[in-house]
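Here's the structure, in structure tokens; my notes come after.
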2 protein chains.
Amino acid sequence: MSRPEALSPARLKDAAPLFAALGDATRLGLLVSLCASGPLTVTRLSGQFDVSRQAITKHLDVLAEAGLVTSARQGRERIWTFEPKRLEDAHQYLARLSREWDVALGRLKAFVED
Amino acid sequence: MSRPEALSPARLKDAAPLFAALGDATRLGLLVSLCASGPLTVTRLSGQFDVSRQAITKHLDVLAEAGLVTSARQGRERIWTFEPKRLEDAHQYLARLSREWDVALGRLKAFVED
DNA sequence: AAAAAATGCAACCAGGGGGTTGCATCAATC
DNA sequence: GATTGATGCAACCCCCTGGTTGCATTTTTT
């Protein structure tokens, strides 16, 4: 049994695609737009970037695959919405790694003072 | 003048490579190893993964470029060390984005109740 | 019913990323 | 000083990613 906070290889395999999705300036920009302006369509979004609408569509697909956005068809247009849940996941990974480091530092300190 | 917490395009350009460096399972594994076991050499690290030493070297270079690890030559070997500072940066980005979303939700709520 | 608007789909292209192998170099040890 | 161990460097390969263009499809709107 491993602690629920442990950083198992399985967790890493889940975390990697999530961070990879965040690892692009255009995609981060899309998230910021969706955060600040609320749900938007592709054409509205692509107006704010200097790449084609299809490029933005691909980026949104990547974000959706990572669970960072969702979309719903409404008539002839598709509305894209920011999904804060997965962001919380990413935050958790970082916190766990950081905690792991602190624990290691504690061990080192105890060893040196011994 | 923009608030220091604002998510400017410049900040995004800085954040993207950082998240990109985190967006690979092997690299995350390396960070975990360096956290848990303390500073290590490439050969020691590559023993824990099923890819070549050179592949690990490339990954470490990427992590170093992102500021997530540092290295120092000691005699004939090079010691790689986890760098927690940049991890804190990544955490900050996520926190800002999350906060941006909360603010937007607050605006929406106020609008609906108006 | 025709025109316009929004999206979907497919093909294509250039570049970078992750991986490998082979060899050179530098330091430590016997 | 010769050997062994750790690393550095370079070339190469495959495939995925980010981007493009062109056209088809679906829903409004006039």
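In what follows, chains carry the letters A, B, and so on, assigned in the order in which the sequence lines appear, proteins first and then strands, with residues in each chain numbered from 1.
Rounded to a whole Å, the CG atom of Leu60(B) is 16 Å from the P atom of dG17(C). Note: CH2 (Trp80(B)) to C1' (dA6(D)) measures 13 Å, nearest angstrom. Atom CD of Gln74(B) and atom C1' of dG8(D) are 18 Å apart (whole Å). The CZ-P distance, from Phe49(A) to dG18(D), rounds to 14 Å in whole Å. As rounded to whole Å, 13 Å separates atom P of dT7(C) from atom CG of Asp61(A). Rounding to whole angstrom units, CG of residue Asp24(B) and P of dG16(C) are separated by 18 Å. One interatomic measurement links the two molecules: CG of Asp50(B) to P of dT20(C), which rounds to 8 Å at whole-angstrom precision. Between the CD1 atom of Ile79(B) and the P atom of dA27(C) there is a distance of 15 Å, rounded to whole Å.
Residue contacts for Arg44(B): at a heavy-atom cut-off of 4.0 Å it reaches no nucleic acid atom on any strand shown.
Nearest to the side chain of Thr26(A), among dA28(C), dG19(D), dG18(D), sits dG19(D). Closest approach to the Arg76(A) side chain among dG8(C), dA5(C), dA28(C) is made by dA5(C) (side chain taken as heavy atoms from C-beta onward). Between dT4(D), dT7(D), dT21(D), one nucleotide has an atom nearer to the side chain of Thr43(B) than all others, and that is dT7(D). The side chain of Ala55(A) sits closest to dG19(D) out of dT20(C), dG19(D), dT7(D). When distances are taken from the side chain of Thr41(A) to each of dT7(D), dT7(C), dT20(C), the shortest belongs to dT7(C).
The shortest distance between the side-chain N/O atoms of Arg78(B) and the OP1/OP2 oxygens of dA6(D) is not below 4.0 Å. Distances shorter than 4.0 Å separate none of the side-chain N or O atoms of Ser52(A) from OP1 or OP2 on dG19(D). Within the 4.0 Å cut-off from OP1 or OP2 of dC26(C), not a single side-chain nitrogen or oxygen of Arg73(B) is found.
Of the two residues contacting DNA chain C, namely Gln54(B) and His59(B), the nearest-nucleotide position lying further toward the 5' end is that of His59(B).
A donor-acceptor contact under 3.5 Å is formed by the side chain of Lys58(A) with the base of dG19(D). Judged by distance alone with a 3.5 Å cut-off, no donor-acceptor contact links the side chain of Arg53(A) to the base of dG19(D).
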Q: Evaluate the criterion salt bridge (Lys or Arg N to Asp or Glu O under 4.0 Å) for residue pair Lys58(A) and Asp61(A); output intermediate values, then yes/no.
A: CA-CA 5 Å; Lys58(A) 287 192 185 180; Asp61(A) 286 342; over 6 Å; no
Q | Test log, rule side-chain hydrogen bond (donor to acceptor under 3.5 Å, both in side chains), inputs Ser33(B) and Gln48(B) | A | CA-CA 9 Å; Ser33(B) 283; Gln48(B) 310 178 13; 2.7 Å; yes
**Q.** Chi angles and distances behind the side chain to side chain contact (heavy atoms under 4.5 Å, CB included) call for Val69(B), Leu30(B)
**A.** CA-CA 10 Å; Val69(B) 301; Leu30(B) 286 171; over 6 Å; no
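Side-chain atoms of Arg27(B) come within 3.5 Å of backbone N or O of Ala21(B) as a donor-acceptor pair.
Closest approach of Asp89(B) and Leu18(B) over heavy atoms only: CB-CD2, 4.1 Å.
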